[in-house]
Amino acid sequence: MKSVRISQIGDFEDQEVQLNGWLYNKRSSGKLHFLQLRDGSGIIQCVVFKGDVAPEIFELCGHVGQECSLAVAGSVRKDERSPLGYELGVKTVEVVGESSEYPITPKEHGVSFLLDHRHLWLRSSRPHAILKIRSEICKACRDFMEERDFTLIDAPIFTPAACEGTSTLFETDYFDQKAFLTQSGQLYMEAAAMAFGNVYCFGPTFRAEKSKTRRHLTEFWMIEPEMAFCDLKKDMEVAEEFVYYILKRVLEKRREELKVLERDIEALEKVTLPFPRLSYDEAINRLQDLGSDIKWGTDLGGDDETILSKQYDSPILVHRYPLDVKAFYMKEDPEDSRLALCVDMLAPEGYGEIIGGGQREDDFAILTRKINEHELPFEAFKWYTDLRKYGSVPHAGFGMGIERVVAWLCGLKHVRETIPFPRMLQRLYP
RNA sequence: UCCGGCGUAGCUCAGCUGGCAGAGCGGGUGACUGUUAAUCACUUGGUCGUUGGUUCAAGUCCAACCGCCGGAGCCA
């Protein structure tokens with residue numbers, strides 16, 4: 001008999017098939033058992049009628065536990081009462097693997113309990129929907145880069161030094177020296193951009209920051225494009241087109257999952273190109289008008305980002321922050337030496353920063369001075385300054401945090417649900 | 001690191017001015033031919049986070065510690 005996936009069940013109406021899956025839930029009513037079977041592609045109700053199956057099969061179905069794995073055979077039939085449109089009229093059931101007292105019941109659970117059981121929680125409909133959307137977003141990212149002729153260049157995970165200061169790095173032994181887990185692939189992408197033109201990396205990054213907020217993980221995934229012969233203006237255009245492309249893909253392909261998550265889809269459909277652009281100066285004035293006590297020269301706080309982004313339906317691009325609050329590699333604005341040619345993209349609905357990027361300092365003398373001013377070890381960055389000695393060109397790029405984009409598109413309060421196995425200040429298990 | 005809050009059954013929680021440890025869900029048994037987090041009956045289940053203190057008596061009051069949650073800073 002043919003084994004089929006639940007998502008394909010409509011192609012087999014009135015045919016006998018075998019389904020392989022796990023028992024999601026069960027209800028009984030005298031001479032009937034209703035088995036909700038889950039196989040990762042969908043959930044279907046399998047109806048076991050006492051008159052249709054052997055007595056020992058009916059008895060067995062009364063005692064199978066939640067998440068018991070089953071091979072169920074029967075006939076596919078259309079049924080208006082089913083959310084799927086079809087159910088299975090069961091002929092035989094075989095237990096593949098027993099399960100009893102499964103910890104995650106259909107009732108409510110707390111965050112800590114669910115995260116302690118993340119390896120099992122993945123089976124539930126909500127994590128399932130989120131991770132399907134994450135998968136779609138990752139694919140959209142790669143498709144966009146592929147279509148725009150970006151070359152995938154994988155950045156190293158072990159690095160000899162920080163790119164933005166050492167306080168937030170995970171340190172590890174590397175034979176007879178120290179190594180750090182990467183907090184960005186950007187510097188390596190700059191080298192690669194000089195070789196390939198347009199490049200990107202996509203992988204995990206690590207921050208040892210002891211931050212406990214809904215927007216932070218110690219291990220998170222970032223996609224970092226870098227473009228040679230590119231200025232801030234073009235950088236912002238690529239960034240907005242990229243985010244819009246991802247959004248459209250999710251709306252097109254993952255509507256069912258958004259519904260499971262009860263996402264306000266209309267809010268996502270309001271996003272249009274081009275995204276509003278605000279200079280840092282304008283943002284500060286705007287925030288002060290809205291009642292914030294923020295002063296020129298400081299970075300935007302979480303509350304400020306929320307207040308600002310709630311003024312718009314689309315993500316916004318805030319550009320040209322004060323040089324002093326930004327990393328050493330940011331290029332100075334030739335029109336105002338207090339400013340950096342950088343940009344942050346803030347997602348709407350208060351989701352905050354999803355992209356940070358900008359034009360890089362391409363002058364050898366200025367970059368060397370900046371490294372010293374930031375008290376960074378020059379030896380560790382010697383290779384990086386070489387890029388300014390041998391055919392330096394204007395170049396720019398950005399980094400997008402995948403988890404924050406997933407949180408925004410899914411409408412989630414906390415990024416811990418956007419990654420299969422979150423790593424946080426208080427969590428390294430499972 | 002700082003500021004708040006919470007630790008009671010497998011889970012979610014109630015437990016008042018200190019006086020016999022509780023509910024719902026889950027697990028088990030049974031009833032029911034159409035259930036949708038099924039329903040109904042019975043039943044099972046406890047080192048009240050840890051240590052110390054006050055008291056005739058502490059889940060309850062006090063102290064310290066541990067764990068977790070929320071927020072801030074920093075960032076994607």
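Chain identifiers are assigned alphabetically (A, B, ...) following the order of the sequence lines, protein sequences preceding nucleic acid strands; residue numbering begins at 1 within each chain. Computed from heavy atoms alone, side chains included, the values below leave out hydrogens, waters and symmetry copies.
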Taking atom [atom1] in both [N] and [M], what distance in whole Å separates the two?
{"N": "U12(B)", "M": "G26(B)", "atom1": "P", "value": "15 Å"}
{"N": "G46(B)", "M": "G10(B)", "atom1": "P", "value": "7 Å"}
{"N": "C11(B)", "M": "A37(B)", "atom1": "C1'", "value": "14 Å"}
{"N": "C6(B)", "M": "G49(B)", "atom1": "P", "value": "13 Å"}
{"N": "U36(B)", "M": "C3(B)", "atom1": "C1'", "value": "46 Å"}
{"N": "A58(B)", "M": "C62(B)", "atom1": "P", "value": "16 Å"}
{"N": "C48(B)", "M": "G18(B)", "atom1": "C1'", "value": "15 Å"}
{"N": "U54(B)", "M": "U60(B)", "atom1": "C1'", "value": "14 Å"}

Exercise. Counting only side-chain N and O atoms of K210(A), is one of them less than 4.0 Å from OP1 or OP2 of U1(B)?
Worked result: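 For K210(A), the contact criterion (side-chain N or O under 4.0 Å from OP1 or OP2 of U1(B)) is met.
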Exercise. Is any side-chain nitrogen or oxygen of R215(A) closer than 4.0 Å to OP1 or OP2 of G73(B)?
Worked result: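 Answer is no, no contact under 4.0 Å.
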Side chain of [X] (C-beta onward), nearest among [options]:
{"X": "Q45(A)", "options": "A76(B), C75(B), U36(B)", "value": "U36(B)"}
{"X": "H414(A)", "options": "G70(B), G34(B), G27(B)", "value": "G70(B)"}
{"X": "K107(A)", "options": "U33(B), A37(B), G71(B)", "value": "A37(B)"}
{"X": "E353(A)", "options": "U12(B), A76(B), G73(B)", "value": "A76(B)"}
{"X": "S28(A)", "options": "U35(B), C32(B), C68(B)", "value": "C32(B)"}
{"X": "N25(A)", "options": "A37(B), U33(B), G70(B)", "value": "A37(B)"}
{"X": "H216(A)", "options": "G70(B), C75(B), G73(B)", "value": "C75(B)"}
{"X": "F220(A)", "options": "A76(B), U33(B), A72(B)", "value": "A76(B)"}
{"X": "S211(A)", "options": "A76(B), U33(B), C74(B)", "value": "C74(B)"}
{"X": "S112(A)", "options": "C69(B), U12(B), C75(B)", "value": "C69(B)"}

Scan [X] against the nucleic acid and name what it touches under 4.0 Å (heavy atoms): base, sugar-phosphate only, or nothing.
{"X": "I104(A)", "answer": "nothing"}
{"X": "R77(A)", "answer": "base"}
{"X": "K212(A)", "answer": "base"}
{"X": "L32(A)", "answer": "base"}
{"X": "S82(A)", "answer": "nothing"}
{"X": "R427(A)", "answer": "nothing"}
{"X": "H63(A)", "answer": "sugar-phosphate"}
{"X": "D344(A)", "answer": "nothing"}

Is there a donor and acceptor pair closer than 3.5 Å between the side chain of [X] and the base of [N]?
{"X": "Q36(A)", "N": "U36(B)", "answer": "no"}
{"X": "R404(A)", "N": "C75(B)", "answer": "yes"}
{"X": "E87(A)", "N": "G34(B)", "answer": "yes"}

Exercise. What would the secondary structure line of RNA chain B be in dot-bracket form, counting Watson-Crick and G-U wobble pairs under 3.5 Å, with [ ] for pairs that cross earlier ones and | for pairs with another strand?
Worked result: (((((((..((((.....[..)))).(((((.......))))).....(((((..]....))))))))))))....
Whole angstrom is fine here: how far is it from [atom1] in [X] over to [atom2] in [N]?
{"X": "D304(A)", "N": "G71(B)", "atom1": "CG", "atom2": "C1'", "value": "15 Å"}
{"X": "F113(A)", "N": "G26(B)", "atom1": "CZ", "atom2": "C1'", "value": "10 Å"}
{"X": "H109(A)", "N": "A37(B)", "atom1": "NE2", "atom2": "P", "value": "15 Å"}
{"X": "E98(A)", "N": "G27(B)", "atom1": "CD", "atom2": "C1'", "value": "15 Å"}

Do [X] and [Y] come close enough that some side-chain heavy atom pair is under 4.5 Å?
{"X": "P106(A)", "Y": "Q66(A)", "answer": "yes"}
{"X": "S41(A)", "Y": "Q8(A)", "answer": "no"}
{"X": "I6(A)", "Y": "I43(A)", "answer": "no"}
{"X": "P225(A)", "Y": "V238(A)", "answer": "no"}
{"X": "R77(A)", "Y": "V47(A)", "answer": "yes"}
{"X": "Q45(A)", "Y": "R81(A)", "answer": "no"}

Problem set entry | Atom of R5(A), atom of G40(A) and distance for their closest heavy-atom approach |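 Closest heavy-atom pair between R5(A) and G40(A): NH2-C, 4.1 Å.
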For this session: Would you name the heavy atoms of E240(A) and L317(A) that are closest together and state the gap between them?
Result: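 Between these two residues, the closest heavy atoms are OE1-CD1, 4.1 Å.
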Could you go over nucleotides 48-50 of chain B and give all protein N or O partners under 3.5 Å, atom names and distances?
none

Exercise. Should K233(A) and E237(A) be marked as a salt bridge (Lys or Arg N to Asp or Glu O under 4.0 Å) after you check the CA-CA gap, both sets of side-chain angles, and the distance that decides it?
Worked result: CA-CA 6 Å; K233(A) 182 170 178 292; E237(A) 286 164 4; 3.1 Å; yes
Exercise. So with a 6.0 Å cut-off around CD of E56(A), is the heavy-atom count from everything else above 12?
Worked result: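 Enclosed: over 12 neighbouring heavy atoms sit under 6.0 Å from CD of E56(A).
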Exercise. Between Y329(A) and Y384(A), is the gap from one ring center to the other below 6.0 Å?
Worked result: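 Ring-ring flag for Y329(A)/Y384(A): false, centres at least 6.0 Å apart.
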Problem set entry | Check: Y188(A) ring centroid to W383(A) ring centroid under 6.0 Å |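 Yes, ring centres under 6.0 Å apart.
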For this session: Return the 5'-most residue of the pair F49(A), S100(A) with respect to RNA chain B, ranking by each residue's nearest nucleotide.
Result: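 Closer to the 5' end of RNA chain B: S100(A).
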Problem set entry | Nearest-nucleotide comparison on RNA chain B, the residue closer to the 5′ end among G301(A) and G110(A) |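 The residue whose closest nucleotide sits nearer the 5' end is G110(A).
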Problem set entry | N/O donor-acceptor pair under 3.5 Å between K326(A) side chain and C342(A) backbone |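 Not at all, since once roles are kept as given, no pair shorter than 3.5 Å links the two residues.
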Exercise. Are the ring of F34(A) and the six-membered base ring of G34(B) within the stacking cut-offs of under 5.5 Å and under 30°?
Worked result: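 So F34(A) does not count as stacking on the base.
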